[in-house]
Amino acid sequence: MAEALIMMKDIRKVYYPDIVAINSATFSLFEGEIHAIAGENGAGKTTLMKILFGLEKADKGEVLFRGEKVFFHSPSDAMRKGIGMVHQHFMLLENMTVADNVVLGMEPKRKGLYDYKRACEITKDLGERFDMAIDPEIKISQLAVGLKQKVEIIKVLAREARIIILDEPTAVLTPQETKELFHQLKLLKKDNFTIIIITHKLREIKEICDRVTIMKSGNIEGTYDVDKISVEEISKKMVGYDFVVTEDKETLKPGEVILEVKNLSYERDGKKRLDDISFKIREKQILGVVGVEGNGQLELSGVLNGVIRNYEGDISLDGLSLKNKSILEIRDRGISYIPEDRMVDGANLIGNIYESAIVLKSRDKDYRKGKFLKKKKLSEFTDVLIDSYGVKCNNKYDQVKSLSGGNIQKIVSAREIVEARRILIANQPTRGIDIGAVMTLHEKLKELQSNNLGILLISSDLKEIYDLTESVIVLYEGKIVARIKNIKDVSEEQLGRYMLGIEVQEDMEASL
Amino acid sequence: MKIRERLMSYFKNRSFSFQRFFFESLKTLMAVLIAYLIAIIIIVFVSDNPSESIYWFIVGPFSNLMEFGELIKKAVPLMFAGIAACVIVKANQFNLFTEGAFYVGGLVAALIAIYIKLPAFLAVIAALVGGGLVATIFGYIPAKLKSSLNVNEFVSSIMLNFVALWIGVFLISNVVIDDASGDTATGIIPEISKLKVFITGTNITYGLLIVIGIIILVKIFFSKTLPGYEIKMTGDNQHFAKFSGINVERRVVMAQVLGIFIAGVGGAAEILSNYHRFNWKTLPGFGFDGFMVTIIAKNKPLFVPLAALFIGYLRAGADLMAFNSDVAQEVVAIIQGVIILLIASERFFSSSFFKRLLDNYKERRNHKRMDVMKNE
């Protein structure tokens with residue numbers, strides 16, 4: 001066996017004061033491979049990579065780089081050795097151009113001043129070399145998620161990284177974007193770059209990785225050659241139990257119409273974000289909304305939950321209009337909402353779990369006496385939420401910030417699902433969370449469905465759509481381009497064509 | 001024994017970590033110590049008789065009961081301003097009208113005391129509450145402008161301070177001026193309306209009890225009531241609050257109004273405790289100090305009195321040093337700045353730095369133990 005490029009030995013990391021993130025991990029990386037790190041949320045994948053990248057310091061253990069002991073005190077140390085990292089949450093300056101971001105901190109100079117032209121050239125060259133054509137002069141805030149990720153990768157390449165760590169790169173991408181990303185990764189591999197991908201999507205591991213290291217609750221379960229291990233085995237090692245990849249969904253007969261959206265249009269900055277949208281959600285129905293990110297999903301959920309109020313058209317719940325109602329009034333009528341951005345809209349990161357969990361219940365008359373909160377009852381409620389959704393934490397007074405993304409999502413979803421009475425709007429409810437948690441959440445959604453609720457599921461995970469929904473609408477540039485009565489009749493490729501606007505369904509049925 | 005167990009389980013449930021508490025306290029303590037070290041160095045440089053200056057600065061406030069009372073007296077308005085700022089900052093707002101509120105509260109309290117004749121107890125209450133309410137009417141303006149029109153409350157409230165100040169100065173120099181005072185000041189505040197001294201031999205008045213009561217109420221408000229909880233959520237993460245159906249605009253206004261009211265009462269209490277006439281012709285500065293106090297207190301209501309006492313101690317020592325030695329008061333202002341800077345820069349001493357110290361210590365201790373065992 002060739003000498004490992006990087007060897008991490010007996011790494012241990014305990015977060016202050018006593019949360020064990022990594023118990024003991026030994027990890028090796030060979031030059032020129034694509035190496036997957038798989039594991040559930042909170043297994044320690046990201047922490048391990050942060051240690052490698054110098055963002056965190058290990059409490060124990062050592063890192064060998066080409067057999068030589070190294071200490072990374074900060075990311076700049078790691079970068080000097082050619083290690084770069086693309087974070088799950090992008091770290092870009094939204095108000096600056098692509099070129100500005102790419103050269104940030106290493107700006108090319110001419111006569112002592114920032115040479116913007118040169119920066120554009122650098123960006124363009126790198127982009128062309130790896131098939132990532134991107135206009136260097138566009139502002140980051142105008143880019144879609146997939147493109148932002150490309151900027152991050154170019155940024156890392158501009159710093160002459162030879163080892164690139166990608167933290168859940170496909171969590172935010174559409175199937176097409178994912179394909180593109182994999183193509184670029186393969187190009188990079190051909191140029192003898194070494195790539196580490198943190199992921200829990202088994203299909204992707206199979207598709208492009210050479211080796212996979214599986215982590216489970218702070219320990220390394222093992223490192224395997226991808227072609228010598230099956231998907232089932234990986235998932236078993238990750239979760240610790242077998243799980244069935246596909247499951248028959250029981251068909252429930254939809255009941256009466258709960259929510260009706262009629263000729264909904266919404267315009268912002270002179271552009272139609274939503275264009276003449278009409279649909280109905282019935283009892284016991286999960287309506288799927290698919291589309292490439294940024295084609296009106298955010299606006300649609302904004303209109304439905306009351307954040308956006310200056311729209312045209314009408315929305316009615318149980319026959320009563322929701323027009324010009326505030327967020328609180330809409331919630332009181334029985335609509336619950338799982339926001340897409342759980343870090344900002346879903347939870348209070350600087351507060352504790354308890355505070356984020358009780359935000360809806362605290363208004364409930366049973367949980368307060370006049371203006372005073374019934375703390376005991378609310379505490380019990382929080383404990384039940386934590387238990388039934390398997391949130392990984394010490395107790396309910398942990399800071400939300402100290403939890404992993406998946407666990408935060410569990411808290412947010414749990415809170416909203418418990419509170420839903422008529423309609424649940426779920427915007428990317430399972431993005432970035434592990435298989436075990438996805439299963440729990442899907443169970444809970446199905447439970448809601450059989451309890452006569454209607455669910456609007458906005459998701460970019462097509463597997464989730466196929467697993468849960470029957471009828472689906474496809475959004476493209478704010479318009480409905482396809483209404484699908486039974487998703488089973490439509491192939492993933494066909495769906496992709498609708499999503500990309502290549503094709504519009506011909507005889508769109510008037511209503512669902 | 002039982003109490004101890006219950007306490008332990010309480011702390012355990014709150015994930016209260018003694019280790020963390022220890023490090024947090026150590027951090028603050030280190031900042032104070034370093035700041036005092038710098039202070040002593042400065043004094044040594046500027047003073048001809050440094051040992052005496054340092055004595056007055058550090059030990060002076062504790063030298064007798066009267067001086068200690070002076071310390072408390074200085075801390076009371078800081079407590080008022082600190083708890084007022086604390087409420088406002090909890091909602092992540094920076095309404096600096098606490099400053100103007102002190103002025104307005106003081107003026108209105110003096111006017112009510114002078115011109116409205118009421119029986120003893122009522123006279124005091126009317127003056128305090130009246131001062132608070134009139135201040136609140138002013139303070140509502142920037143709060144409402146912020147929530148309705150998104151006008152930056154920081155700027156509008158600073159400007160409003162001057163509006164309030166000059167209205168007040170106009171009143172005391174033209175309308176309610178008492179020529180007998182030989183000053184631009186109101187008439188004499190009747191004894192009946194004043195806050196009495198409650199520890200004889202000092203200047204500590206009932207104002208201290210009032211502010212402690214308010215601090216306890218604020219603590220209960222934030223930890224036990226729905227509006228308090230919602231204000232905290234709004235301040236921590238406005239997006240989260242909005243999406244959860246909390247009426248963010250209302251909570252933002254509420255926090256500012258409450259804070260301004262407390263500051264107004266603080267101004268009233270200050271005038272009714274320590275002045276014979278209302279004669280402020282500049283802003284008193286307490287409102288701004290309040291934000292400093294709450295920063296030192298890490299915006300926790302129960303730490304506000306401690307922070308205020310600390311600043312009070314600093315100032316009492318400074319006054320004594322300026323009076324008894326050759327160090328100018330300005331030097332003290334510099335020292336005070338350094339101390340605040342060190343405490344406020346939270347990351348200056350990161351917790352992990354101390355943690356590593358402790359870990360190293362533990363490791364060495366374990367090694368030593370092992371060595372001992374080997375030798376045995």
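Letters go in sequence order (proteins before strands), and every chain restarts at 1.
Taking a 6.0 Å sphere around NZ of K371(A), one finds it holds 12 or fewer heavy atoms contributed by other residues, nucleotides or ligands.
A cation-pi arrangement is not found for K298(B) relative to F303(B), the charged atom failing to lie both closer than 6.0 Å to the ring centre and inside a 45° cone about the ring normal. Annotation: cation-pi geometry satisfied between K377(A) and Y367(A) (NZ/CZ under 6.0 angstrom from ring centroid, within 45° of ring axis).
Contact check on D364(A) versus R368(A) returns no salt bridge, with no Lys/Arg side-chain nitrogen under 4.0 Å from an Asp/Glu carboxylate oxygen. Using a 4.0 Å cut-off between charged side-chain N and carboxylate O, D383(A) and K396(A) make a salt bridge. Ion pairing between a basic and an acidic side chain is recognised when a charged N comes within 4.0 Å of a carboxylate O; R331(A) and E419(A) show no such pairing.
Interface residue I246(B): backbone and side-chain heavy atoms are both found under 4.5 Å from chain A. I358(A) touches chain B through backbone and side chain together, each having a heavy atom under 4.5 Å away. If you measure heavy-atom distances from V307(A) to chain B, the contacts under 4.5 Å come from the side chain alone. Looking at N305(A), only its side chain comes within 4.5 Å of chain B, counting heavy atoms on both sides. Heavy atoms of L360(A) lying under 4.5 Å from chain B belong exclusively to its side chain. At a 4.5 Å heavy-atom cutoff, the contact between S356(A) and chain B is made by backbone and side-chain atoms alike. Heavy atoms closer than 4.5 Å to chain A are found in the side chain of E230(B), but not in its backbone.
Contact count against chain B (heavy-atom pairs under 4.5 Å) is highest for N348(A) among I327(A), D341(A), V412(A), N348(A). Per-residue heavy-atom pair counts under 4.5 Å with chain B were compared for G351(A), A347(A), P339(A), G346(A), and the maximum is reached by A347(A).
Within the 6.0 Å centre-distance limit, the rings of Y337(A) and F243(B) are counted as a close aromatic pair.
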